[in-house]
Every structure is written in structure tokens, then in C-alpha cells.
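These notes are about the structure you will find just below.
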Amino acid sequence: MKRSRWYAIRVAPGYQRMAAVDERLPESRRMESIIERNCRKDGFDIFMPSVYTELRHHRTKQIPQKWFPFLVGYAFVNLPRLNFEELRRVGGVVSFLRGANYGPLEFPDGTIEALYFADHERRQAFLYEQHCRKENERHEQIQHLRVQLRKILPKGRKARVSMVDHAESAIDFLSPQIKERVQTIISGLNSLTADAEVENLRKAV
């Protein structure tokens, strides 16, 4: 087995931006950069440390997931066969980072492993924060819909009866217009609490 031999490459401007989505690729590669896709397409193992974040769009208010290169202008490529010339022909590769002997600077496996670990930790922290934000938004939507139901439905719901069950039992006594509104709210609540892992939340609605 050939040992890993990691070298830093300079990346041409624009090649560290996200590549076009390709549904044929596995999920793990859906957010790769242009330089990463070019290298992997030609059989090179590449690693580009990144920073992950979410940015709310000022017009649509959507929150797309974004990432940025941690080392702007650089990435690491594994060249166990020392095939430098082949890599130079890959689109987006400008040159190699050179060491004191003027040859390509090789990085120890320990250095790359430490960068991999730090990159993984950043990714996991981002995913956790993203999950917390989505859960908070879901709870806020549930509370908002519950308040709307309370304003519409007649009083007298028993303590052990959920708001959804109360609405379903009272819906036949409502006017067609209000009935349609209640059905829309119930559908919204069901979609927010449909997962098995949050079934207990539905019972509390």
C-alpha cells in the first residue's frame, strides 16, 4: 500500500466556489467546490478545509447553507505516486506551495489529520446549530398554530384532550369558511409533528 503524501496547491480564483449541483453524485459530494470536483474527476484525493454557515436572504428570508474555504487560495492533494505533472493539468490548479529546497512542500500525515479533525468539528458544530434553529422554528410554528386554534374553537376543552382532537370533534359545528381554516391549521400541525421522534409533541398540542 502506498503511503499518503500530501502537498498544498494554489487554486485559481473562482475555483473554490461551489460547483453546480449534480444529482448523480453521492450526498457527501453535493456541496463540493469546482477544484474538488475537478481533482476527484481525474482521480486525485483532495482536501479543502472549510467554514460552514447559514445566511438569511434579505428578500426571500430563506436561509441557505453556505461554506467558505478556510485557507483561501489553497487546498491539499494526496500524491502517493508523485504525479505532479498530471495534477498540474487539472483545471484550477495553479502551482504547488514550495519549501526551502524550492521543491513542492510535503505535509506530514499528522498535520493533515489535525486539519481533518478540526474541519469535522466545525462541520458537526454547524449541523448542531442548524438542527437547534430548525427545532426552535418548528416549536414557534406549533405555538402560533395552537394560538390560532384557541381563538377559533369554542371554549371548554378538557385538560386531557389535545387541541387537535378538540378541533376535530368540534369541526362539524363550524361554518364552512371557519371549518376550512381549522382544517388548514390541523394539516399544518400534523406536518410539523408527524415524525415518530416528535410524536410526544403532538400529544401536547
Side-chain angles (χ1 to χ4, degrees), residues 1-138 195 197:
M1 182 181 294
K2 296 178 180 178
R3 73 181 183 89
S4 298
R5 305 192 72 162
W6 290 93
Y7 297 87
I9 58 170
R10 285 186 56 206
V11 182
Y15 279 80
Q16 284 183 308
R17 70 175 186 271
M18 190 181 299
V21 175
D22 188 344
E23 299 295 339
R24 297 169 298 179
L25 295 174
E27 185 67 28
S28 59
R29 291 187 55 187
R30 295 289 171 84
M31 291 187 65
E32 65 187 356
S33 64
I34 297 174
I35 187 65
E36 288 173 307
R37 181 167 299 176
N38 289 352
C39 285
R40 288 166 183 158
K41 178 172 64 70
D42 288 348
F44 293 102
D45 184 15
I46 183 172
F47 169 51
M48 192 177 75
S50 303
V51 177
Y52 305 88
T53 187
E54 290 181 322
L55 298 174
R56 186 182 296 273
H57 195 281
H58 69 283
R59 280 193 301 105
T60 65
K61 304 305 180 184
Q62 293 181 340
I63 309 179
Q65 181 177 326
K66 297 286 187 180
W67 60 262
F68 304 93
F70 186 70
L71 300 172
V72 177
Y74 292 92
F76 298 94
V77 180
N78 183 23
L79 294 175
R81 296 190 293 114
L82 302 180
N83 45 340
F84 299 105
E85 292 305 318
E86 291 180 32
L87 181 61
R88 284 192 178 96
R89 291 194 288 268
V90 174
V93 175
V94 176
S95 62
F96 289 90
L97 184 65
R98 296 185 176 277
N101 62 352
Y102 299 102
L105 178 62
E106 183 176 345
F107 287 79
D109 285 349
T111 300
I112 302 301
E113 288 172 2
L115 289 172
Y116 259 117
F117 183 74
D119 187 73
H120 177 74
E121 281 198 324
R122 285 193 299 271
R123 175 67 173 164
Q124 293 306 308
F126 166 76
L127 291 175
Y128 177 74
E129 292 174 1
Q130 185 183 57
H131 171 75
C132 290
R133 177 187 61 76
K134 290 181 177 179
E135 279 298 290
N136 288 336
E137 289 179 352
R138 187 171 65 84
D195 295 338
E197 65 183 16

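All residue numbers in this chain count up from 1 along the given sequence.
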So, do Asn78 and Phe44 sit near enough that their side-chain heavy atoms are less than 4.5 Å apart? no

Within-4.5 Å side-chain heavy-atom neighbours: Phe68 and Gln16: no

Mark yes or no for whether Arg10, through its side chain, and Leu97, through its backbone, hold a donor-acceptor pair below 3.5 Å. no

Could you tell me whether a side-chain N or O of Asp119 sits under 3.5 Å from a main-chain N or O of Ser50, the two making a donor and an acceptor? yes

Taking Glu36 for its side chain and Ser33 for its backbone only, find out whether a donor-acceptor pair lies under 3.5 Å. yes

Checking the side chain of Arg17 only, and the main-chain atoms of Gly14 only, is there a donor and an acceptor separated by less than 3.5 Å? yes

How about Tyr7 and Phe107: are their ring centroids closer than 6.0 Å? no

Under the side-chain contact (heavy atoms from CB on, under 4.5 Å) criterion, do Val94 and Val11 qualify, and how do the steps go? CA-CA 6 Å; Val94 176; Val11 182; 6.0 Å; no

Cationic tip of Arg122 within the cone over Phe117's six-membered ring, i.e. under 6.0 Å and within 45° of the normal? no

Decide yes or no for Val93 and Ile35: does some side-chain heavy atom of the first lie under 4.5 Å from some side-chain heavy atom of the second? yes

Could you tell me whether Phe70 atom CZ has more than 12 heavy atoms of other residues or ligands within 6.0 Å of it? no

Look at the rings of Phe84 and Phe96 and say which category their plane angle falls in: under 30° parallel, 30 to 60° tilted, over 60° perpendicular. perpendicular

Flag the pair Arg81 / Arg5 as yes when at least one side-chain heavy-atom distance between them is below 4.5 Å, and no otherwise. no

Is Glu85 paired with Arg89 through a side-chain N to carboxylate O contact shorter than 4.0 Å? no

Would you please name every residue forming a side-chain hydrogen bond (donor to acceptor under 3.5 Å, both in side chains) with Tyr15, sequence neighbours left out? none

Take Glu129 and Arg133 through the salt bridge (Lys or Arg N to Asp or Glu O under 4.0 Å) test and state the conclusion after the steps. CA-CA 6 Å; Glu129 292 174 1; Arg133 177 187 61 76; over 6 Å; no

Check whether Arg37 reaches the backbone of Ala20 with its side chain - one donor and one acceptor, N or O, closer than 3.5 Å. yes

Applying salt bridge (Lys or Arg N to Asp or Glu O under 4.0 Å), run through Glu135 and Arg138 and close with a yes or a no. CA-CA 5 Å; Glu135 279 298 290; Arg138 187 171 65 84; 2.8 Å; yes

What residues form a side-chain hydrogen bond (donor to acceptor under 3.5 Å, both in side chains) with Asn136, not counting sequence neighbours? none

d(Lys41 NZ, Leu25 CG) to nearest 0.5 Å is 12.0 Å

Does any part of the side chain of Pro104, heavy atoms only, come nearer than 4.5 Å to the side chain of Arg98, both counted from C-beta? yes

Can you tell me how far apart CD1 (Ile34) and SG (Cys39) are? Round to the nearest 0.5 Å. 12.0 Å

So, do Phe76 and Pro49 sit near enough that their side-chain heavy atoms are less than 4.5 Å apart? yes

Could you measure the distance from the CG atom of Leu71 to the CG atom of Leu115? Nearest 0.5 Å is fine. 7.0 Å

Rounded to the nearest 0.5 Å, how far apart are CD1 of Ile46 and CG of Asn38? 8.5 Å

With side chains defined as the heavy atoms from C-beta onward, is the minimum distance between Asp45 and Trp6 less than 4.5 Å? yes

Between Asn83 and Leu79, is there a side-chain heavy-atom distance shorter than 4.5 Å? yes

